[in-house]
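Okay, structure first, notes after.
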Amino acid sequence: MLQTWRWYGPSDPVSLEQIKQTGATGIVTALHDTYEGQAWSEESVIQRREEIEAAGLVWAVVESIPVHTSIKLATPEAGKYIDAYKETIRILAKAGVKTICYNFMPVVDWTRTDLYYPAPNGGFALRFEMVDFVAYDVLVLKRPNAADDYPADLLTRAKARFSELSAIQITTLEQTIIAGLPGAELFHDRPGILAKLADYAAIDSVGFRDNLIAFLTEIIPVAESVGVNMCLHPDDPPFSLFGLPRVVSNAEDYRAIFAAVPSLSNGITFCTGSLGPLADNHLVAMAGEFADRVHFTHLRNIKRGENGSFFESDHLAGDLDLVGVIDTLLKEEQRRRQQGRSDWQIPLRPDHGHLLLDDIEKKTNPGYSLIGRMKGLAEIRGVMAALESKYA
Ligand code: DNO
């Protein structure tokens, strides 16, 4: 598998030169300033690619091209933004960047409640604690009818938790949940998120999936025609937040999406940590079932708690069978090689890492510190080295 590394562009505290030292050879990045649904300019794409190549690396994957809200809601202006999306796909293909990750999460992207959870070995991990999330949703944000979405015992615990929180802790919790983690495409304040949630009031999972499929029906033929693989990132975490529909959370969701738009360009970002909080997501089986559509993988582990809670554990120490997933993907690569494909490699990136050692005092993007990710990559590399001879 191609070892890649997420880089947020020139403002990332981790430089391309440092990434080179981790042993990763591919870069995963986007034009992170272009959020509003406009097409990316060819000039900026080429400039970014050249910057990466000058450091002796390749731009292997785009993560992500944001999907404009009008597309998610299928409003009358969606067509304009779908055209811009298609244009970006063509521009990237022309520049030789042919693997594109994106997601279809409404209002909030990846979501955590704690960015400094003390990890078992020292250092800090990212965490999602459902009790804290419910406390925020019901008692801080006061989303209309939010309490109806949760069982009584969870509400009781959330109330108890809320009564313990200081004003500063509430502000931190709010910023952690709604202000946008790195790579997330939408940033909110309290009135802003309430307004956005209201925009989705009339749409349920069926309607939301229809909008995703309508989008794919438009863009996948374009991607296929220029040799691009689109990789749909799962919901993180893989269940509804704020009462919103989420439709990319489990094997059944992906089956429906692939049945509607069967082209193999309609692929997956196989993100173990995002799918992992649902114990029913059997990752090795899913990697096997969708192997020919896995065009990109995010490898990380989690330790599950109650009610969907989890924290991000060491890469090889959580509830997820990462060795089994890697084994399955190496087998898929062998199958692609046997077909004589030159594009047989699946790019992987160590997805998040603990905040460790010298990084604790440095400015880092949550989850995207240098040392923790390098540790994760090194562990993954060890697993690959141990398994590769099976598929030589
Ligand atoms: C979190 C990431 C997400 C992901 C996007 C994909 O670390 O996996 O931000 O990049 O949701 O579109």
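Ligands are counted one by one from 1 in listed order, and the atoms in each one are counted from 1 as well. Given the structure is predicted, the values throughout are model-derived calculations rather than measurements. Side chains are part of it too, since the values below use all heavy atoms of this structure and drop only hydrogens, waters and symmetry mates.
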Note: R209-D253 ion pair, threshold 4.0 Å (strictly below): yes
Donor-acceptor contact below 3.5 Å, side chain Q169 vs main chain S166: yes
Distance from atom 11 (O) of ligand 1 to nearest protein heavy atom, with residue and atom: D109 OD1, 2.9 Å
Polar side chain donor-acceptor pair, D235 to N103, under 3.5 angstrom: no
Structural part of Y368 in contact with ligand 1, heavy atom criterion under 4.0 angstrom: side chain
Heteroatom proximity flag, R6 to ligand 1, N/O under 3.5 Å: yes
Parallel, tilted or perpendicular: ring planes of F296 versus H298, cut at 30 and 60 degrees: perpendicular
Where ligand 1 meets S64 - atom numbers and elements under 4.0 angstrom, heavy-atom basis: 5 (C), 6 (C), 12 (O)
Per-atom contacts of ligand 1 with M105, taking only distances under 4.0 Å to non-hydrogen atoms: 11 (O)
Contact partition for N103 relative to ligand 1, non-hydrogen atoms under 4.0 Å: both
Taking atom 3 (C) of ligand 1 as the reference point, the nearest protein heavy atom with its distance: W110 CD1, 3.6 Å
Contact check, R112 vs ligand 1, heavy-atom distance below 4.0 Å: no
Ring geometry between F311 and Y117 (parallel below 30°, tilted from 30 to 60°, perpendicular above 60°): tilted
H298 neighbourhood, listing ligand 1 atoms whose heavy-atom distance to it stays under 4.0 Å: 8 (O)
More than 12 heavy atoms of other groups within 6.0 Å of K86 NZ: yes
Nearest neighbour in protein (non-hydrogen) for atom 10 (O) of ligand 1: E63 OE2, 2.2 Å
Location of contacts on R349 toward ligand 1, heavy atoms closer than 4.0 Å: side chain
N121 and D314 side chains, donor-acceptor separation under 3.5 Å: yes
Minimum-distance protein heavy atom relative to atom 8 (O) of ligand 1: H233 NE2, 3.1 Å
Exceeds 12 heavy-atom contacts within 6.0 angstrom, atom CD of E252: no
